Amino acid sequence: MSDWVRACALDDCPPGKLLGMQCGEAEICVVNAEGTFYAFENRCSHQDFPLSEGAIEDGTLECALHGARFDLETGRAVALPAIRPVRTYAVEVRDGAVYVEV
Ligand code: FES
């Protein structure tokens with residue numbers, strides 16, 4: 001069963017920002033890509049580095065440790081050294097806050 005959990009205020013995650021946080025049981029990385037929000041498990045599928053330390057690059061989420069990239073929509077690995085996807089979560093913006101379904 002899943003729950004919608006308030007992740008952060010909209011103002012805490014301006015465009016271009018990645019924010020790591022605990023959401024219920026899950027470690028989440030919330031990404032604001034030009035006003036569209038995404039949420040991922042905050043753990044690179046290569047060597048578990050926090051994705052919230054990374055950056056948005058060419059429409060992908062780039063891990064800061066070895067440069068693997070993940071599709072923002074699907075979490076699919078699109079650049080080595082990662083080959084496995086990262087888990088994604090549904091995101092909703094309402095009442096000035098970002099909610100994640102965990
Ligand atoms: S830990 Fe992310 S690319 Fe290696």
Side-chain angles (χ1 to χ4, degrees):
M1 198 171 110
S2 60
D3 278 319
W4 286 95
V5 175
R6 187 184 186 281
C8 62
L10 267 185
D11 291 347
D12 293 339
C13 195
K17 177 137 176 129
L18 287 68
L19 203 60
M21 70 196 65
Q22 186 80 31
C23 262
E25 304 275 290
E27 291 277 345
I28 300 283
C29 171
V30 169
V31 175
N32 182 344
E34 316 259 347
T36 302
F37 286 87
Y38 302 93
F40 302 88
E41 183 174 12
N42 196 12
R43 200 157 47 126
C44 182
S45 65
H46 178 230
Q47 286 183 358
D48 295 342
F49 195 72
L51 290 171
S52 54
E53 302 291 316
I56 302 166
E57 280 294 331
D58 291 336
T60 65
L61 171 55
E62 184 178 70
C63 178
L65 196 55
H66 309 109
R69 290 186 184 190
F70 301 93
D71 185 281
L72 286 174
E73 299 282 348
T74 64
R76 189 169 62 91
V78 293
L80 295 171
I83 52 172
R84 286 174 291 119
V86 289
R87 182 172 177 182
T88 59
Y89 296 88
V91 181
E92 234 177 65
V93 175
R94 55 180 129 104
D95 304 328
V98 179
Y99 288 79
V100 177
E101 188 178 28
V102 293

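Everything numeric in this text was worked out from a predicted model, so none of it was measured. Both counts, for ligands and for their atoms, begin at 1 and track the order of listing.
Using a 4.0 Å cut-off to heavy atoms of C44, the atoms of ligand 1 that qualify are 1 (S), 2 (Fe), 3 (S). Of all atoms in ligand 1, numbered sequentially from 1 with element shown, those under 4.0 Å from a heavy atom of A68 are 3 (S). If you number the atoms of ligand 1 from 1 as listed, the ones under 4.0 Å from a heavy atom of F49 come out as 1 (S).
Of all protein heavy atoms, the one closest to atom 1 (S) of ligand 1 is Q47 N, 3.4 Å.
The nearest pair of heavy atoms linking L18 to A55 is CD2-N, 3.8 Å. For the residue pair A7 and V100, the shortest heavy atom distance occurs at CB-CG2, 3.8 Å. Considering all non-hydrogen atoms of both residues, F70 and A77 come closest at CD2-CA, 3.8 Å. In terms of heavy-atom proximity, Y99 sits nearest to W4 at O-CZ3, 3.6 Å.
Taking 2.8 Å as the criterion, H66 does not count as a coordinating residue of atom 2 (Fe) of ligand 1, since none of its N, O or S atoms falls below it. Not a single N, O or S atom of C63, from either the backbone or the side chain, sits less than 2.8 Å from atom 4 (Fe) of ligand 1.
Considering only heavy atoms from C-beta on, V86 stays 4.5 Å or farther from C44 through its side chain.
Y89 and Y38 fall into different hydrophobic clusters, defined by Ile, Leu, Val, Met, Phe, Trp and Tyr side-chain heavy atoms under 4.5 Å apart, directly or through other members.
When distances from atom 4 (Fe) of ligand 1 to the N, O or S atoms of H46 are compared, ND1 comes out shortest.
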